[in-house]
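Only a predicted model underlies this, so the values are computations on that prediction, with no experimental measurement involved.
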Amino acid sequence: MMLKHTAISVMIYSCLAITAVGQHRADRQSLEDPGSFSMILLGDPQGYIKYDINQPLFELQTAWIADNIDNLNIKAVLCTGDLVEQNDNIVMNRNMLNQTSREMWENVSRSFARLDGKVPYIISCGNHDYGYRSSENGKTRFPEYFPVERNKKWYDCIVAAYPNREGNESLENSAYVFESPEWGRLLVVCNEFAPRDEVLEWTRSLIDRDEYRDARVIYITHSLLNERDAARTDNEGYLISPHNWGQQVWDKLIYPSRNIVLALSGHEGEVGDFENSIAYRVDENSTKRKVHQMMFNVQTLGGGWEGNGGDGWLRILEFLPDGKNVSVKTYSPLFGISPATKHLAHRSAPYDRFKMTLE
């Protein structure tokens, strides 16, 4: 009996040992400084979501984020919107998708479920998330698939929300607080696509409250900058109304506000090289404080508008422990997951890897 028991113990130990040295984790990344924390920036996911063959690539991104929460000290995931190609359409145009709207919403919801209960994610809904095909009106299925109750990690940081275009409180317009000894208080605010005047006023009043006047604000809106030249968006042809395009968002909210230090967006882009999918500029606000503005929308990479959705590219924003510098890295877990392509997983051009000083 003793020999038999010993043999079984050896077998169990061997199985545990095999399990412990299973997969070499999918290209886990490290911080530049162990005292840092990070936020992950995801561009518009619609190109991944509109074709069933692409959908696992976006789930790979969220799975990779979940696997890196501890070693990258990830405090939040930020997404520029356009979760789906069409918000509410049952007739598929097979030249540009092979999923109904319900299938797309269900899939993008399933991808983000990888993060539920693990890290808050903050989404600024885009033009494709409204109307039927492309923002003909203010209807959206976003609150149906992304109620606040689905991710308890929101409970710890959400501090305000404002009703959407249908009069319902929704995470479309919401604000979140993150704190650290080095950075103090960071307030992240996202707005709906082409935000109404009352949404901009709500945001302005919120960030000017006594408890947030000294906070540094990260603002997320879907449409702000064009690709390459970083000109602000204006005179867009969507029927959704009332609306404010990028130039009006700058004029009415970002420029007059004293504490917005970083504004993030997606939306724009053209087929071509990587520079056709990004933009960056720095301007002074009304108090002469610098406002960094970044557009990141990689959906045409990996084969154009009907390609694979973006080659898995995301950005790692590392908030360094000096309390003012953010290191930006452009990385793809799709390339990083294989030894054969790992050398392609990091982009190193000056517009792909740089530092921002948020003072």
Side-chain angles (χ1 to χ4, degrees), residues 37 39-42 74-81 83 112 115-117 119-126 129-130 138 140-180 183-224 242-244 248-250 252-266 285 289 291 293 317 319 358:
F37 65 88
M39 295 186 182
I40 305 299
L41 177 62
L42 296 172
I74 299 172
K75 298 301 184 186
V77 178
L78 314 176
C79 180
T80 60
L83 299 182
F112 274 105
L115 306 178
D116 286 339
V119 66
Y121 46 90
I122 302 167
I123 300 167
S124 178
C125 289
D129 302 326
Y130 291 92
T140 180
R141 302 186 71 179
F142 178 80
E144 176 185 347
Y145 287 93
F146 291 90
V148 70
E149 293 82 7
R150 68 171 282 163
N151 185 3
K152 296 297 191 291
K153 286 295 182 179
W154 283 323
Y155 290 15
D156 299 330
C157 56
I158 190 168
V159 293
Y162 188 83
N164 66 8
R165 291 177 183 268
E166 297 181 280
N168 301 312
E169 286 225 340
S170 167
L171 297 178
E172 293 158 71
N173 300 299
S174 51
Y176 309 79
V177 165
F178 303 91
E179 296 188 68
S180 79
W183 279 84
R185 180 170 286 184
L186 288 172
L187 181 68
V188 181
V189 185
C190 68
N191 280 176
E192 65 197 23
F193 172 60
R196 295 160 286 158
D197 280 345
E198 54 265 41
V199 171
L200 297 180
E201 176 57 27
W202 168 78
T203 305
R204 189 201 61 75
S205 297
L206 172 70
I207 66 180
D208 197 43
R209 290 181 188 172
D210 289 343
E211 63 263 45
Y212 304 128
R213 283 181 63 83
D214 293 328
R216 278 171 282 189
V217 176
I218 300 171
Y219 175 69
I220 315 174
T221 187
H222 182 65
S223 174
L224 183 65
H243 56 249
N244 284 285
Q248 292 82 58
V249 171
W250 171 264
K252 296 179 181 180
L253 172 65
I254 302 175
Y255 177 74
S257 297
R258 61 184 297 275
N259 49 356
I260 296 177
V261 295
L262 175 61
L264 303 172
S265 65
N285 65 15
R289 192 175 196 176
V291 183
Q293 300 142 78
L317 311 182
F319 292 73
L358 308 184

> Which atom names give the shortest non-hydrogen contact between Ser124 and His222, and what distance separates them?
Replying inline: OG-N, 3.2 Å
> Residues two or more places apart in sequence or in another chain: which of them pass ring-ring contact (aromatic ring centres under 6.0 Å, His included) with Tyr212?
Replying inline: none
> Who are the side chain to side chain contact (heavy atoms under 4.5 Å, CB included) partners of Val188, not counting sequence neighbours?
Replying inline: Met39, Leu78, Ile122, Phe178, Ile218, Ile220
>> Restricting to non-hydrogen atoms, name the atom on Pro195 and the atom on Leu200 that form the minimum distance, rounded to 0.1 Å.
In response: CG-CD2, 3.7 Å
>> Quick check: closest heavy atoms across Ser257 and Asn285, and the distance to 0.1 Å?
In response: O-ND2, 3.0 Å
>> Please list all pairs meeting salt bridge (Lys or Arg N to Asp or Glu O under 4.0 Å) that have one or both residues in residues 146-155, counting only residues at least two apart or in different chains.
In response: Asp116-Arg150
>> Using modelled atom types and a 3.5 Å cut-off, is there a donor and acceptor pairing between side-chain atoms of Asn151 and backbone atoms of Val119?
In response: yes
> Quick check: does any side chain N or O of Asn244 sit under 3.5 Å from a backbone N or O of Val249, one acting as donor and the other as acceptor?
Replying inline: no
>> Can you pull out every salt bridge (Lys or Arg N to Asp or Glu O under 4.0 Å) where at least one residue sits in residues 184-203? Sequence neighbours excluded, please.
In response: Arg165-Glu192, Glu179-Arg185, Glu192-Arg196, Arg196-Glu198, Asp197-Lys252, Glu201-Arg204
N/O donor-acceptor pairs under 3.5 Å from side chains in residues 154-163, not counting sequence neighbours:
unit_1 : atom_1 : unit_2 : atom_2 : d
Trp154 : NE1    : Tyr121 : O      : 2.8

> With sequence neighbours left out, what residues match Glu169 under salt bridge (charged side-chain N to carboxylate O under 4.0 Å, His left out)?
Replying inline: none
>> Under a 3.5 Å cutoff, is there a donor and acceptor pairing between the side chains of Asn164 and Thr140?
In response: no
